[in-house]
Participant: 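What follows is a structure written as structure tokens; I'll ask about it next.
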Amino acid sequence: MNRLIKLNNLNINMDKPVQLYDSPGHKIYWVGSVEETIFRCNTYLLLDGKQNYLIDPGGVVTHFSQVMERVKAISEPSDITHIIVHHQDPDLCASIPLWLKFNKDIVIMTDPRTRVLLPHYGIVDGKYFNVDDKKAVALPSGGELKFIRSPFMHSPGAFVTYDSVSRFLFSSDICAALDDNRKLVADDINSQLGLMNAFLEDYIACNKAIRGFLKNIKGIEIVAILPQHGSIIKKEFVKPMLDYLKDFKCGLDILYPDL
Ligand SMILES: [Fe+2]
Ligand SMILES: [Fe+2]
């Protein structure tokens, strides 16, 4: 039986990995950190058969030791087979060289614009999967991971990952919120939208970038949005969240309103 784990914030202990989804051969965990910063980062671990995907592994300072501890509670670090990195920022990428020390054969799944920058983190002999070439990868349990472009939200090569089994959208900085209240799952859509505004206004290029992304995900059934910062957006909040984004003015819309 496929099941989305029902999460009640009161019962979540974020000092440990938090299981978000469970079905035969397919499991998803939050393995992020709880730093004392509004920029706390979410990392996710998706296990399917012998494929173990670490999604947006994160930075080095504070974050890495916590992610490692949570991963170790589930799996050997050397068993990580794939890293999905949605863009090139250090809060996603800086720890990749440390993960490669456990398994040099980890496949880094990313776009060419991110790949060209990863050697600057000290990744010299990385094995790569180009998400622009192959827009999906089959999973042993029968589903697939689909890679969907989200240009300029906020990086030129940005993309998101959709898991057809859980129907989760791993959105990286899209729907990210600057949040220090440590709730893993949003339980109030209005406060979540408020927490998201500052990030959207400063980091997303413009409303056209948002509309392009919304076009790219049109028709896809999304059960939850899992961003890299802030709280997870559960099913009942997905449509209001996407509707809110549609007309949001940000970035260049604000800086150059008359152009
Ligand atoms: Fe970013
Ligand atoms: Fe980020």
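Indexing begins at 1, ligand by ligand and atom by atom, following the structure's order.
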Participant: Using 30° and 60° as the class boundaries, would you call the ring planes of Y21 and H26 parallel, tilted or perpendicular?
Facilitator: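 Y21 and H26: perpendicular rings.
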Participant: Counting only heavy atoms not in K183 (residues, nucleotides, ligands), do more than 12 fall under 6.0 Å from its NZ?
Facilitator: no
Participant: Using a cut-off of 6.0 Å, state whether more than 12 heavy atoms not belonging to D125 lie near its atom CG.
Facilitator: no
Participant: Got Y128 and M109 here, is their nearest side-chain heavy-atom distance under 4.5 Å?
Facilitator: no
Participant: How about the Fe ion (ligand 2), which protein N, O or S atoms come within less than 2.8 Å?
Facilitator: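 For the Fe ion (ligand 2), the protein N, O and S atoms that sit under 2.8 Å away are D91 OD2, D173 OD1, Q228 OE1, H229 NE2.
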Participant: Please confirm whether the backbone N or O of N130 pairs with a side-chain atom of D111, one donor and one acceptor, at under 3.5 Å?
Facilitator: no
Participant: Answer yes or no: is there a side-chain heavy-atom contact under 4.5 Å between F170 and N42?
Facilitator: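 With C-beta onward as the side chain, the pair stays apart.
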